[in-house]
Amino acid sequence: MNTFSRKRPLTPLLYPQSIAFIGGAECDVAISRTLALGFAGKIWAVHPTRVQLGGIATISSVDQIDGPVEAAFIAVKREPTINIVRILREKGCGGAVIYASGFAETGDNHLQEELLTAANGMPLMGPNCYGFVNGLARAALWPDQHGIKACDTGVAIVTQSGNLACNFTMTRRALPVAAVFAIGNQADVDMARMVEALAGDDRITAIGLHIEGLPDITAFARAAEFARDQRKPLVALKTGRSEHGAKLALTHTSSLAGADQFYDALFERHGVARLNTVTAFAETLKVLHHGGPLPGNRLVSMSCSGGEAALIADMALKREVDFPPFDAVSKQMVAATLNAYVPVDNPLDYHTFIWNQEDKLTDTFTAVLSCGFDMAILLLDIPSNPKMNAAAWLVTARALMTAAASTKSRAAVVASLPECMPMNVADDLSARGIVPMMGLDDALSAFEAAAAIGRNWARCDAAPTAANFQMVDAPVRTFTEFDSKQILKSHGLHVPDGYLCDAGNAVAVAEKLGFPVTLKISSSEIIHKSEARGISLNLRTPDDVKIAARHLALISDELLVEKMVSGAIAELIVGITCDAQFGPVMVIGAGGTFTELLKDTAALLLPTSRTEIERALKRLNVWTLVDGFRGRSGDAGAVINAIQSIAAWAEANGGRIEELDVNPLLVLADDAIAVDAVIRMRMP
């Protein structure tokens, strides 16, 4: 169910029937672009001295607008912008694009607040933004050139960057861009509201998001869920992977965690595919436009080159895509169309015996596409060099078109080199429902992303509802290991039996527990005991304890004696850190002394669920040890129970948590036990 705020809808702004252009040169361009798209609604051109803008006779002020105006493009200086917004709001305008800069992006929050007050709920895109071109609405509130045509369907791209938006309109990748929106500094209309507004439009096949930052994580999560409910795939190009060093990290968790990893968790939870390059982002949108997400990651590749077959197989190794072998029946069916010397494998090298023979190529491609793969790939680089004749290559492309049409299967032609996909061929393929893809690496990224969205959509479990944790303004207290463990034990976490003591009675306590034991310093000031040489493991006799206690007493008056836990199959870290945007966030990964070296981690937003924890664990390399390695396996259920108990404690104390480390959580054959823990909380 949609639970968005009661702000006025964006439809009049994004799909206007009437537009007011207020300003000079920028409006002259924008009006010309809008008329060129075939806009049939009412246009007002507003300028105090010019006679016309873009061929439209001007009026001298906004006050002279004599009818309902759904959208406005305001390209004047920042100070007069505010009064113009106020007048438009009083006239019932549906929304405005604010072209001017010099607001919060330059530190002038006061002026931006004045702007929002003047709007009083009227949607504002920007300020400091280029606006948008919408081929579906035949409108260009946009002060520059662009390459978008009037259209009836396509992908929409939302970005904070006007330059990137411009780039996406002029690409030669057969990317079916229906609309681009450059939303600037998101003073009012942000990514979440744009996703909400666009997800309900059946003409938009997918939404691409270039994200520099999200002002409201909870609102974006709701919008992403709405898009998933509408079966509208989302693709993100998120910048900001560089490490942040805003605060001194005292725990392992805080040194491992970064906001970028939390964005990964956000996207994974809500089925948003994240791409790392502009070209992979574009190729993914193409795949989604031609049929939506993939139901699975089972791919089949066809080429007439053994080298290409080996190349695509190698490039797929570290991706979540699969080239499964043909089953016996399918293998026989494909083999019947080929020379007896051709082995039927996936990837398939069909050799050149049938090159330039359209009927035979069609038979082979039809057989392959009938085998039930999630996507069929034809590797085909077509000459674009004017000195070459591409006729023979076009025969191969036509054969795939025929096979795809007859089998109603999803297919793509992938040029390993982008320049080897001529635009006329790309347009022809696209018109027939076949994805024209440019660049082998980007194509594999796109298939992987499309399958990830499909996998997310197929889940039965609902995404946990995001929580707004209000942080307590209080001093931070660091708890000792013993106190931290007792706190977590009360929420169900298993910890070793142990007691606090001084050096003088350490032996007596050890004998009470039973050997072997561990002896540690107990201090809220020394968090990393190993580095301080404040821990002695596997003490088996009273003399061992006596010697260790004498040494540790030089570091701390209070000691902790615990029953030694042995037989660990794996060591994990479970931690929580508090992020300014996301609030308390959980990090799980490979633990122990090599935690920061391995950096084998995954992030989980809080609150979380058992199924989400399990999915995150299975993404870790260390999970191979728990799942079963060389005849040994750990208690996976106990691990998930332990993480759930920590998550339950975090949910109960979210507004007070500064940092938490459980490191290591020892995974045993029949249990999971936290042998070290530290909690730092804001305590009134």
Side-chain angles (χ1 to χ4, degrees), residues 250-253 476-501 506 509-510 512-514 516-524 526-530 534-535 537 556 558-578 584 586-589 591-592 604 606-608 610 613 617 626 634-683:
L250 295 181
T251 63
H252 292 291
T253 300
V476 176
R477 174 185 169 188
T478 302
F479 288 84
T480 66
E481 176 185 340
F482 180 79
D483 289 340
S484 297
K485 285 178 176 175
Q486 294 308 304
I487 291 169
L488 295 173
K489 182 180 179 180
S490 69
H491 280 76
L493 184 67
H494 292 184
V495 301
D497 291 336
Y499 300 96
L500 294 173
C501 64
V509 173
K512 179 180 178 180
L513 284 169
V517 297
T518 297
L519 191 62
K520 311 175 184 180
I521 60 172
S522 178
S523 170
S524 61
I526 304 174
I527 293 177
H528 302 299
K529 289 179 285 293
S530 296
I535 181 169
L537 303 174
S556 173
E558 189 173 61
L559 304 180
L560 172 61
V561 185
E562 286 186 330
K563 186 72 177 175
M564 180 73 187
V565 179
S566 58
I569 290 165
E571 296 185 3
L572 301 178
I573 182 173
V574 183
I576 296 171
T577 187
C578 190
M586 178 176 280
V587 177
I588 59 176
L604 288 164
L606 296 175
T608 187
R610 188 175 185 88
I613 291 168
L617 286 168
V626 182
D635 190 335
V639 173
I640 298 172
N641 289 342
I643 297 172
Q644 274 193 294
S645 70
I646 297 169
W649 172 81
E651 190 171 346
N653 296 276
R656 296 193 294 156
I657 299 171
E658 184 72 9
E659 298 175 279
L660 171 143
D661 256 3
V662 171
N663 183 33
L665 176 71
L666 295 185
V667 184
L668 310 180
D670 58 356
D671 204 352
I673 299 178
V675 296
D676 197 359
V678 61
I679 291 173
R680 303 184 71 237
M681 292 180 67
R682 296 181 179 273
M683 303 296 292

query = Does the pair L500 and L559 meet the rule for a side chain to side chain contact (heavy atoms under 4.5 Å, CB included), with working shown?
reply = CA-CA 6 Å; L500 294 173; L559 304 180; over 6 Å; no
What verdict does the side chain to side chain contact (heavy atoms under 4.5 Å, CB included) test give for D635 and V667, after you've listed the backbone C-alpha separation in whole Å, the side-chain angles of each residue and the deciding distance to 0.1 Å?
CA-CA 7 Å; D635 190 335; V667 184; 5.6 Å; no
Q: Please lay out, stage by stage, how I521 and I526 fare under the test side chain to side chain contact (heavy atoms under 4.5 Å, CB included).
A: CA-CA 9 Å; I521 60 172; I526 304 174; 3.9 Å; yes
Step-by-step side chain to side chain contact (heavy atoms under 4.5 Å, CB included) determination, H491 to I646
CA-CA 7 Å; H491 280 76; I646 297 169; over 6 Å; no
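Residue pairs meeting the salt bridge (charged side-chain N to carboxylate O under 4.0 Å, His left out) criterion with at least one partner in residues 560-570, sequence neighbours excluded, are K485-E562, K520-E562. Among pairs with a residue in residues 665-674, those fulfilling side-chain hydrogen bond (donor to acceptor under 3.5 Å, both in side chains) read H494-D671, at least two apart in sequence or across chains.
The shortest side-chain heavy-atom distance between V662 and L488 falls under the 4.5 Å cut-off. Side-chain contact between L572 and I588 is absent, with no heavy-atom pair separated by less than 4.5 Å. Residues I487 and I679 meet the side-chain proximity criterion, which asks for heavy atoms closer than 4.5 Å. Side-chain contact between L513 and D497 is present, with heavy atoms from C-beta onward closer than 4.5 Å. A heavy-atom distance below 4.5 Å is found between the side chains of L666 and E571. Residues R680 and F479 form no side-chain contact, since every pair of their non-hydrogen atoms from C-beta on lies 4.5 Å or further apart. For the pair L519/I535, no side-chain contact is recorded, criterion being any heavy-atom separation below 4.5 Å from C-beta on. Side-chain contact check for Y499 versus K512: some heavy-atom pair is nearer than 4.5 Å.
Here the rule is side-chain contact (heavy atoms from CB on, under 4.5 Å) with P496, and of T518, V517, V675 only V675 fits it.
For S645, the side-chain hydrogen bond (donor to acceptor under 3.5 Å, both in side chains) test picks out no residue, with sequence neighbours left out. Partners of T480 according to the side-chain contact (heavy atoms from CB on, under 4.5 Å) rule, which considers only residues two or more places apart in sequence or in another chain, are F482, D483, S522, S524.
Of all the heavy atoms in A677 and S484, the pair that sits closest is O-CB, 3.8 Å. Taking all atoms of both residues into account, the shortest heavy-atom contact from N663 to G591 is OD1-CA, 3.4 Å. When all heavy atoms are compared, the tightest approach of I576 to I657 is CG2-CG2, 3.8 Å.
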Show me the donor-acceptor pairs, under 3.5 Å and distance only, between side chains in residues 647-655 and residues at least two apart or in other chains.
from : atom 1 : to   : atom 2 : distance (Å)
N653 : OD1    : R656 : NH2    : 2.7
N653 : ND2    : W649 : O      : 2.9

Please tabulate, for side-chain N and O atoms in residues 636-644, each donor-acceptor pair with protein atoms closer than 3.5 Å (sequence neighbours left out).
from : atom 1 : to   : atom 2 : distance (Å)
N641 : OD1    : R610 : NH1    : 2.7
N641 : OD1    : R610 : NH2    : 3.3
N641 : ND2    : G637 : O      : 3.3
Q644 : OE1    : R610 : NH1    : 2.5

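We find that K529 and E481 are joined by a salt bridge, their nearest charged nitrogen and carboxylate oxygen being less than 4.0 Å apart.
A donor-acceptor pair is defined here as one N or O able to donate and one able to accept, closer than 3.5 Å; no such pair exists between the side chain of D661 and the backbone of V678.
For the atom pair CD (E558) and CG (L560), the distance works out to 8.5 Å, reported to the nearest 0.5 Å.
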